[in-house]
Amino acid sequence: MKILVINAGSSSLKYQLFNTESGAILAKGLCERIGIPGGHVKHTPAGKDTYEEDFAMESHADGIRRVIELMTTGSTAVISSMSEIDAVGHRVLHGGAEFSGSVLVTPEVKDAIKRCIPLGPLHNPANLTGILACEEAMGDIPQVAVFDTAFHQTMPDYAFMYAIPYEYYEKYAIRKYGFHGTSHRYVSAKAAEFLGKKPEELKVVTCHLGNGSSICAVDGGKCVDTSMGLTPLEGLPMGTRSGNLDPAVLEFVMKNEGITDISEMLTILNKKSGVLALSGISSDFRDLFAARDQGSERAKLALDCFTYSIKKYIGSYAAAMGGVDCVVFTAGVGENNASIRSDAVKGLEFMGIKIDEAKNNTRGTVDITAADGKVKVLVIPTDEEFVIASDTEEIVKAL
Ligand code: ADP
């Protein structure tokens, strides 16, 4: 099948066209500045150079139509017509407690995504716009929604409840939901495959470390806890997000800094905090390593806070599961940075977690466990788009 995978943002649209039989990506690209001046499209057909153009797009549907033109005509073509595309899979941020798996998009599903907008106010409207844009540009092609929250729906209530007045849960569905579920699901399943075990036999801690980072406890193939919460702000300190802090800090800062609007405070916690704030240098981990190596104490502090937090989650999730068989590192930082991996597990030898530094310095899917390590430590590149394409294929094939 040929499946178009879409990740729609408020003014952007990322896409990949998969051939699921061969596993090949036929084309991928990005429409930027949709609905605002300066529209730009990047399209990379497999094996060819990236084609770029300035292209004004009033709506996401304009973007999809242009992408389809690029995929079907001229030197950028990878298929002969739109009818070759069998289905579209969408990344949707928040499925609330309504979705525990991927689903075919129906009018009821669109309504449910709308109902989840208060939980994902920045992303869900954009994700829905992407679905509606495909309907507009591609007619009644089957579409599938794949939720970032779905994998975490197996968490027990004592893991997902916040200890605040119960009526907030009843009235507003306030609880932990978790994100990056597609990635945690994929790498935990890959870990079992790599180790030649059934997912049911393993207790795995998956560390998705990128710009946004989250950690997940996967017991017997099911998520039992995860570090992100109602929103992606909870958990580890991230590129620009604060992660966990005492909620009373908000009032203190707002009073002393004369901030009267809570949304301004949340913007600070989402966009101006994390390792960016701790280092005062950058949210990009490559910059932080370069700065630390040149003697920056603040870059060192930021990296230390990050790895210390990862270590605490690994320990606490091992406790939550009553053991751990495997720790997986994935995403931009987790896959590429040997030093973060090494620092994050330093001191966990007492739990049987020990890595081999030579193996740790290799790339790709690798087992970096030391010869005397009892817990397997793996690096597994994540592939959320591939999961979206596979889920879409499975659902559409069963129609
Ligand atoms: P997201 O999908 O959350 O935007 P990614 O998973 O692509 O993020 O990760 C982006 C992060 O990965 C950036 O902070 C970048 O610095 C980091 N990264 C990528 N390559 C390396 C590397 N070789 N060493 C350290 N960090 C890296």
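Just follow the structure's listing: the first ligand is 1, and inside any ligand the first atom is 1.
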*Asks:* When you measure from atom 10 (C) of ligand 1 to every protein heavy atom, which one gives the shortest distance, and what is it?
*Replies:*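 So the nearest neighbour among protein heavy atoms is N211 N, 3.7 Å.
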*Asks:* Between V375 and T369, what is the shortest heavy-atom contact and its length?
*Replies:*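 Of all heavy-atom pairs spanning V375 and T369, the closest is O-CG2, 3.3 Å.
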*Asks:* Just need the protein heavy atom nearest to atom 16 (O) of ligand 1, so name the residue and atom and give the distance.
*Replies:*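 The answer is D284 OD1, 2.3 Å.
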*Asks:* Where is the nearest protein heavy atom to atom 14 (O) of ligand 1: which residue, which atom, and how far?
*Replies:*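 Of the protein heavy atoms, F285 N, 3.4 Å lies nearest.
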*Asks:* Could you say whether the N/O atoms of N337 and ligand 1 ever approach to under 3.5 Å?
*Replies:*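 There is such a contact, yes.
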*Asks:* Looking only at protein heavy atoms, which one is nearest to atom 22 (C) of ligand 1, and what is the separation?
*Replies:*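 Result for atom 22 (C) of ligand 1: N336 CB, 3.4 Å.
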*Asks:* Check for me whether R66 meets the cation-pi criterion with F55, that is, NZ or CZ under 6.0 Å from the six-membered ring centre and within 45 degrees of the ring axis.
*Replies:*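 Yes, cation above the ring, under 6.0 Å and within 45°.
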*Asks:* Only heavy atoms of V333, strictly under 4.0 Å: list the atoms of ligand 1 that pass.
*Replies:*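 Once the distances to V333 are compared, the set is 11 (C), 12 (O), 17 (C).
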*Asks:* Verify whether one side chain among E357 and S342 offers a donor that lies under 3.5 Å from an acceptor in the other.
*Replies:*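 Result is yes, a qualifying pair exists.
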*Asks:* With L202, which of K376, K197, M321 fulfils side-chain contact (heavy atoms from CB on, under 4.5 Å)?
*Replies:*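 Only match with L202 under side-chain contact (heavy atoms from CB on, under 4.5 Å): K197.
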*Asks:* Counting only nitrogen or oxygen atoms and a 3.5 angstrom limit, does G210 reach ligand 1?
*Replies:*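 Checking ligand 1 against G210, no N or O pair falls under 3.5 Å apart.
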*Asks:* If we count only non-hydrogen protein atoms and require a distance under 4.0 Å, does atom 12 (O) of ligand 1 qualify as touching the protein?
*Replies:*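 Yes, there is one.
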*Asks:* L288 and A302: which non-hydrogen atoms are nearest, and at how many Å?
*Replies:*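 Answer, listing the atom of L288 first, then A302: CD1-CB, 4.5 Å.
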*Asks:* Check whether Y177 forms a cation-pi arrangement with R175 (NZ or CZ under 6.0 Å from the six-membered ring centre, at most 45° off the ring normal).
*Replies:*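 Geometry flag: set, cation within 6.0 Å and 45°.
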*Asks:* L209 versus ligand 1: do any nitrogen or oxygen atoms come within less than 3.5 Å of each other?
*Replies:*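 N/O-N/O distance under 3.5 Å: no.
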*Asks:* Are any of the N/O atoms in G332 less than 3.5 Å from those in ligand 1?
*Replies:*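 It does: an N or O of G332 is found under 3.5 Å from an N or O of ligand 1.
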*Asks:* Any side-chain to backbone donor/acceptor pair from H180 onto H208? Under 3.5 Å, distance only.
*Replies:*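 Here the side-chain-to-backbone pair does not exist.
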*Asks:* Would you tell me whether H90 and T392 have side-chain atoms, one donor and one acceptor, within less than 3.5 Å of each other?
*Replies:*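 The answer is no; no qualifying pair exists.
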*Asks:* Among the heavy atoms of G239, does any lie under 4.0 Å from an atom of ligand 1?
*Replies:*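 The answer is no, since G239 has no heavy atom less than 4.0 Å from ligand 1.
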*Asks:* What atoms in ligand 1 come closer than 4.0 Å to a heavy atom of G212?
*Replies:*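 It comes down to these atoms of ligand 1: 3 (O).
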